[in-house]
Amino acid sequence: MIKKVKIAPSLLSANFANLEADIRKCEAGGSDMLHIDVMDGHFVPNITIGAPVVKAINKVTDQILDCHLMISEPERYIDDFADAGADMISVHCEAQKHLHRVLSQITARGVKAGVVLNPATPLEYAFEVAEYCDFVLMMSVNPGFGGQSFIPSLFRRCERLAKFLSTNGLDNVEIQVDGGVKFENAKQIVDAGANILVCGSGLFAGDVTENIGLLRKAAVEN
Ligand code: DX5
Ligand code: ZN
């Protein structure tokens, strides 16, 4: 099944002192959603932003807000992020004891639910819960920081996941890839079966408005 390629700029690489300006630039470039990286300094070695900032962002844009929770015990914060205006929430396999329960919690709030796999997380996690997810987020770096190098095992992992989804009637589940996505590897990532490309440093390193279009073009044409 051919899915529309969606571009999700990661605000982690935006100017935190003027997020609204960078959000306008993303909108102008035709971004499909905004990827918001939430880090707690516990699950990952970095601290970023929380639900109050998501709420503020929600007030200034109609973009889909895709909240990637890199936090321990995310079940404690699902309601906060849903209340703040999250449209998509993803949680890491290793971040809670009861993954299915947290996914149900997200879905019950009318928010799209995603499971996140680190580069070394067995794909079986996704196989077990894909039917309860709207999307699977495949990390192509170890989470915590922008600007890291892409880990190539993503390609074979993504292909295997895409095959699993299509052979199990789960074509509605989208595959998102996050970490080290650039113009150069975008097409290969899409060919491996992903359709949502998260991109931070690759977009914000120059003119983000222009780069969104260039990334979309690279993803479908190269
Ligand atoms: C990393 C984050 C990513 C990050 C990607 O833990 O989940 O979303 O912003 O940044 P780049 O595209 O620079 O690798
Ligand atoms: Zn992310």
Side-chain angles (χ1 to χ4, degrees), residues 5-16 19 22-23 25-26 29 31-51 53-54 57 63-72 74 77 81 86-95 106 112-121 133-155 157-158 174-190 194-208 211-212 214-216 218-219:
V5 170
K6 298 177 183 174
I7 307 296
S10 167
L11 295 185
L12 187 61
S13 290
N15 177 4
F16 276 17
L19 280 175
D22 277 344
I23 289 167
K25 291 180 191 168
C26 292
S31 51
D32 294 284
M33 64 190 73
L34 299 174
H35 183 83
I36 303 174
D37 288 301
V38 177
M39 307 187 191
D40 65 353
H42 183 263
F43 183 70
V44 290
N46 195 5
I47 301 176
T48 53
I49 61 181
V53 177
V54 175
I57 292 172
Q63 287 265 301
I64 289 168
L65 302 185
D66 166 34
C67 295
H68 174 191
L69 303 190
M70 286 162 273
I71 63 175
S72 301
Y77 301 96
F81 284 95
D87 300 290
M88 300 164 66
I89 295 177
S90 55
V91 295
H92 279 254
C93 296
E94 298 86 354
I106 298 169
K112 289 194 171 174
V115 62
V116 193
L117 276 69
N118 282 333
T121 304
C133 291
D134 297 286
F135 65 105
V136 177
L137 168 44
M138 300 290 289
M139 293 303 301
S140 36
V141 297
N142 291 295
F145 303 95
Q148 302 182 82
S149 299
F150 182 87
I151 300 172
S153 62
L154 179 281
F155 296 124
R157 285 166 58 75
C158 196
E174 299 185 286
I175 302 179
Q176 186 178 49
V177 170
D178 183 7
V181 175
K182 308 281 178 203
F183 301 133
E184 294 73 26
N185 57 17
K187 177 71 164 53
Q188 208 181 339
I189 295 169
V190 169
N195 75 303
I196 307 175
L197 301 179
V198 176
C199 185
S201 53
L203 291 176
F204 285 93
D207 179 343
V208 64
N211 285 343
I212 289 169
L214 292 175
L215 183 62
R216 194 187 300 283

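Remember, it's 1-based here, ligands and their atoms both numbered in the order they're listed.
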Among protein heavy atoms, which lies nearest atom 14 (O) of ligand 1, and at what distance? Gly180 N, 2.8 Å
For atom 9 (O) of ligand 1, which candidate among Ser10, Gly200, Gly147, Pro143 holds the nearest heavy atom? Ser10
Student check: side-chain heavy atoms of Gln63 and Asp32 closer than 4.5 Å: no
Nearest non-hydrogen protein atom to atom 10 (O) of ligand 1, with distance, is Gly146 CA, 3.6 Å
Closest to atom 1 (C) of ligand 1 among protein heavy atoms sits Phe145 O, 3.4 Å
Side chains of Lys182 and Phe150, heavy atoms from C-beta outward: is any pair under 4.5 Å? no
Per-atom contacts of ligand 1 with His35, taking only distances under 4.0 Å to non-hydrogen atoms: 8 (O)
Give the name of the N/O/S atom in Asp178 that lies closest to the Zn ion (ligand 2). OD2
Contact with ligand 1 for Lys182, non-hydrogen, under 4.0 angstrom: no
Please report which non-hydrogen protein atom sits nearest to atom 6 (O) of ligand 1, along with the residue it belongs to and the distance in Å to one decimal place. Gly144 N, 2.8 Å
Take Ile36 and Leu65 through the side chain to side chain contact (heavy atoms under 4.5 Å, CB included) test and state the conclusion after the steps. CA-CA 7 Å; Ile36 303 174; Leu65 302 185; 4.2 Å; yes
What protein heavy atom lies closest to atom 5 (C) of ligand 1? Include the residue and the distance to one decimal. Asp178 OD1, 3.5 Å
Of all the N, O or S atoms in Asp37, the one nearest to the Zn ion (ligand 2) is OD1
Could you walk me through whether Ile151 and Asn142 pass side chain to side chain contact (heavy atoms under 4.5 Å, CB included), step by step? CA-CA 9 Å; Ile151 300 172; Asn142 291 295; 4.1 Å; yes
So Val190 and Leu197, side chain to side chain contact (heavy atoms under 4.5 Å, CB included) or not? Walk me through it. CA-CA 8 Å; Val190 169; Leu197 301 179; 4.2 Å; yes
For atom 2 (C) of ligand 1, what's the nearest protein heavy atom and its distance? Asp37 OD1, 3.4 Å
Need the ligand 1 atom indices (1-based, order shown) with element for anything under 4.0 Å from a heavy-atom of His68. 7 (O)
Let me confirm one number: the CG-OG distance from Leu117 to Ser140, rounded to the nearest 0.5 Å. 12.0 Å
Considering the heavy atoms of Met70, write down every atom of ligand 1 situated less than 4.0 Å from one of them. 6 (O), 7 (O)
Using non-hydrogen atoms of the residue, decide whether Cys199 is closer than 4.0 angstrom to ligand 1. yes
In ligand 1, which numbered atoms sit nearer than 4.0 Å to a non-hydrogen atom of Gly179? 14 (O)
Go through it in stages, so that I can follow the logic: the residues are Asp178 and Met138, the test is side chain to side chain contact (heavy atoms under 4.5 Å, CB included), and I'd like the CA-CA distance, side-chain angles, deciding distance and then a yes or no. CA-CA 6 Å; Asp178 183 7; Met138 300 290 289; over 6 Å; no
Would you call the rings of His68 and His92 parallel, tilted or perpendicular, where under 30° means parallel and over 60° means perpendicular? parallel
Taking the side chain as C-beta and beyond, is there a heavy-atom pair between Tyr77 and Val38 under 4.5 Å? no
Measuring from the Zn ion (ligand 2), name the closest N, O or S atom belonging to His68. ND1
Any side-chain heavy atom of Leu215 within less than 4.5 Å of one from Leu203? yes
Distance-only N or O hit between ligand 1 and Ser201, under 3.5 Å: yes
Surrounding NZ of Lys112 (heavy atoms of other residues, nucleotides or ligands, distance under 6.0 Å), is the total greater than 12? no
